[in-house]
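Some notes on the structure that comes next.
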Amino acid sequence: MSITPTSDPIDLFRHWLKDAEKSEINDPAAACLATLDSDGFPQARMVLVRTIGEKGFAFYTNSKSLKGQNLLSYPKASLCFHWKSLRRQVRIVGSVTTATDAESDAYYHSRPRQSRIGAWASQQSEPLSSRDELLEQVALYDEKFAQMENPPRPPHWIGFWILPRTIEFWQDGEFRLHDRLRYERQKDHSWTTQKLYP
Ligand SMILES: Cc1cc2nc3c(=O)[nH]c(=O)nc-3n(C[C@H](O)[C@H](O)[C@H](O)COP(=O)(O)O)c2cc1C
């Protein structure tokens, strides 16, 4: 089955994401995020993409984590979605901006209370001596915010947007004759498309 191009790749992406949501796939919004560390090494890990809009693809994290630090010092990234049972991959490369306080607040406050407490308790990517140390931190913040219905967002818990400059759609084909379609954003914000050899 070959990919039918749309004029805007975000429309095609939404269509594929919807297909993934209708399937049995766990966490269809999960993507592998690659950043560059201060030694120039790529660093990859999974994130959950929470919003797709004019600013690109947003996920939320601790800005003091490795990925947060990488993105703050080198605001370029790649995201790769893989929907195995649909035999599809989407690969995105783009520049990164931080979400506004209002955007990060809105997402933070939509999460369950324990996840919000966890955001305070976790010094993400810092060395941890034991599980008990983490649970003590959770208990500490649970108590600190016990009287508050809505604990505030930790200032370091923020969103990052990845604004795509290229998006490549990959659909598995018989005998490895896969279909690949790459979109490239132009200066006037329109998109060009290019089919690629598998
Ligand atoms: C499916 C999946 C989704 C994840 N989503 C997020 C996420 O949205 N934000 C986040 O900070 N970590 C998320 N994680 C954990 C990260 O992969 C990673 O372990 C953690 O953020 C630390 O990464 P870093 O040290 O490179 O900053 C997710 C892990 C998995 C397996």
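Numbering starts at 1 and runs along the sequence shown. Atoms within each ligand, like the ligands themselves, are counted from 1 in listed order.
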Problem - Proximal atoms of ligand 1 relative to S65 (non-hydrogen, under 4.0 Å) - result: 27 (O)
Completion exercise
Closest to atom 12 (N) of ligand 1 among protein heavy atoms sits Q124 NE2, 3.9 Å
Practice task
Just need the protein heavy atom nearest to atom 9 (N) of ligand 1, so name the residue and atom and give the distance.
Solution key: Y60 O, 2.9 Å
Exercise for the section: Could you check atom 6 (C) of ligand 1 against the protein and tell me its nearest heavy-atom contact, residue, atom and distance included? Expected result: V47 CA, 3.6 Å
Exercise for the section: Run the salt-bridge test on D19 and K22 with the 4.0 Å N-O cut-off and return the result as yes or no. Expected result: yes
Exercise for the section: Please work out whether the ring planes of W83 and F13 are parallel, tilted or perpendicular, with thresholds of 30° and 60°. Expected result: tilted
Problem - Validation row, ring centre F59 to ring centre F160 under 6.0 Å - result: yes
Completion exercise
shortest atom 17 (O) of ligand 1-to-protein heavy-atom contact is with M46 O, 2.7 Å
Problem - ligand 1 atoms in contact with T61 (distance to a heavy atom under 4.0 Å) - result: 10 (C), 11 (O)
Handout entry: Validation row, ring centre F169 to ring centre Y183 under 6.0 Å
Key = yes
Handout entry: K55 and E103 ion-paired at < 4.0 Å
Key = yes
Practice task
For ligand 1, indicate whether the residue Q43 contacts it via side chain, backbone, both or neither (heavy-atom separation under 4.0 Å).
Solution key: neither
Handout entry: F59 to ligand 1, any heavy atom closer than 4.0 Å
Key = no
Practice task
Could you tell me whether atom 19 (O) of ligand 1 has a protein heavy atom closer than 4.0 Å?
Solution key: no
Problem - Carboxylate-amine/guanidinium contact E168 R182, below 4.0 Å - result: no
Handout entry: Closest protein heavy atom (residue, atom, distance) for atom 25 (O) of ligand 1
Key = S125 OG, 2.5 Å
Handout entry: Heavy-atom proximity to atom 22 (C) of ligand 1, best of E126, R45, K67
Key = K67
Practice task
Give the ring-plane orientation class for F81 versus F57, where under 30° counts as parallel, over 60° as perpendicular and anything between as tilted.
Solution key: tilted
Exercise for the section: Please determine if R88 forms a cation-pi arrangement with W170, meaning its NZ or CZ atom is less than 6.0 Å from the six-membered ring centre and no more than 45° off the ring axis. Expected result: no
Problem - atom 8 (O) of ligand 1: nearest protein contact (heavy atom, Å) - result: L48 N, 3.0 Å
